[in-house]
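What follows is a set of notes on a single structure, which appears directly below.
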Amino acid sequence: MQIMDLAHCCLDGNADAVEFCPIDSFHQVLAASTYNLQEGDKPSRKGSISLFDVNADKGSLELFQCVETAGVFDIKWNPVGCNGGALLGQADADGCLRIHHFEGCEGGGASLREINGEKISSAMCLCLDWNPSGTETTVGLSDGSLSINSLAESKLETIQEWKAHGFEVWASSFDTHQPDLVYSGSDDCKFICWDLRDSPSNLAFQNSKAHTMGVCCIVKNPNDPNTVLTGSYDEHLRVWDVRSISKPVSEKSICLGGGVWRIKYHPYIPGLVLTACMHNGFAIVKIGGEEAEVVETYSKHDSLAYGADWQKGRALVEGERKSCLVATCSFYDQLLRIWMPNCDFIA
């Protein structure tokens, strides 16, 4: 089976993130965000969040809502949801952490509305992640700080904020198995783990030697409490053993030919990850045993590969083998694509 292109469209701005909704009743919903720098005497950063209904059987990608907002650097769905709906977090250029509520409407429609928009910093909010219970976010800021925020009854409150790095923080994520730990990565080439049980947070470890350029993304393996992946501008995906949290070990790495901006674990196949590789398109990497290998590449975008995600929950069956839909987006050509990878490597 070859790669199957199902649908594509152009967004209303430079595309930087795509996220399929993880909530069971909304697996068909895809969010895509944009960021546009409007230069001039008074430069401004504008953006949008577009919502699509993705129908794999029809090969359709239907836009049903577009929300104009500040320039968006990152979006993440809350893993738990709220009151029968879903929550989408937004990190933006105005220094705001915005929370949107998504719910179905009578008559079959659906809508996204902002329920909270807190300006948490005078710096720009570059990345965000939710803890596993969906009650807290970690946000990386352009001034090198990290911000930890709680969400209760639709109200946001900053719990902690501290100077974590010397440059922009492009990566910040919770440890899904130990949510008191938060990882961060920055243009200062440092990969750091913080212990939130102390206030201010304590340094659990710091590695400043492995990455030769900035750290773009950090992802915990959902199926293995001892494995963390990092992506860097130095074009390498690295696999870390964090069994000894004070001294993580870089087990293996693979060069993907472009800065590794996004890493997404497959929803049900352990060790399979989707990566966005900036100047070198998208790659699916299989990690196991002593090595990591590229098993699929996708190069039908003509600009920086930034956004990538697997559809949750639903598998497409071809014969006896299964595959998942993938959404990818690229920056300057403003392109969003939906495709299904080759499933030979899954068998």
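Note that the structure is a prediction, hence the values are computed from the model and not measured. FYI, side chains are in, hydrogens and waters are out, and symmetry mates aren't considered; it's all heavy atoms of this structure.
Here the straight-line distance linking atom CG of L229 with atom CD1 of I218 works out to 10.5 Å at 0.5 Å rounding. The SG atom of C10 sits 7.0 Å away from the CD atom of Q334 when rounded to the nearest 0.5 Å. For the atom pair Q206 CD and C193 SG, the distance stands at 11.5 Å (nearest 0.5 Å).
Side-chain atoms of Q90 and T69 include a donor-acceptor pair closer than 3.5 Å. Between the side chains of Q160 and S201, at least one donor N or O lies within less than 3.5 Å of an accepting N or O. Judged by distance alone, the side chains of D302 and S330 never bring a donor and an acceptor atom under 3.5 Å apart. There is a side-chain donor-acceptor pair under 3.5 Å between N149 and T158.
Ring planes of Y35 and F73: tilted class, angle from 30 to 60°. Ring orientation note: the planes of Y298 and F282 are tilted relative to one another, at an angle of 30° to 60°. Classified by interplanar angle (parallel below 30°, tilted 30° to 60°, perpendicular above 60°), the ring pair F102/F64 is tilted. Taking the six-membered ring where tryptophan is involved, the planes of Y233 and W261 are tilted, since the angle between them lies from 30° to 60°.
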key: side chain to side chain donor-acceptor pair (under 3.5 Å) evaluation trace for H165 with K190   = CA-CA 8 Å; H165 292 270; K190 293 178 180 178; over 6 Å; no
query = Between D129 and S172, does a side chain to side chain donor-acceptor pair (under 3.5 Å) hold up when you go through it step by step?
reply = CA-CA 7 Å; D129 188 36; S172 181; over 6 Å; no
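A salt bridge between E293 and K252 is absent, with no side-chain N of the basic residue lying under 4.0 Å from a carboxylate O of the acidic one. Under 4.0 Å is where a charged nitrogen must lie from a carboxylate oxygen, and between R262 and D74 at least one such pair does.
Shown here is Y332, whose OH atom has no more than 12 heavy atoms of other residues, nucleotides or ligands within 6.0 Å. Within 6.0 Å of atom CD in E39, 12 or fewer heavy atoms from other residues, nucleotides or ligands are found, so the atom counts as exposed in its surroundings. Applying the 6.0 Å contact sphere to NE2 of H279 captures no more than 12 heavy atoms from other residues, nucleotides or ligands.
In this structure the side chain of V326 never reaches within 4.5 angstrom of the side chain of M340, judged on heavy atoms. Between Y183 and W240 there is no side-chain heavy-atom pair separated by less than 4.5 Å.
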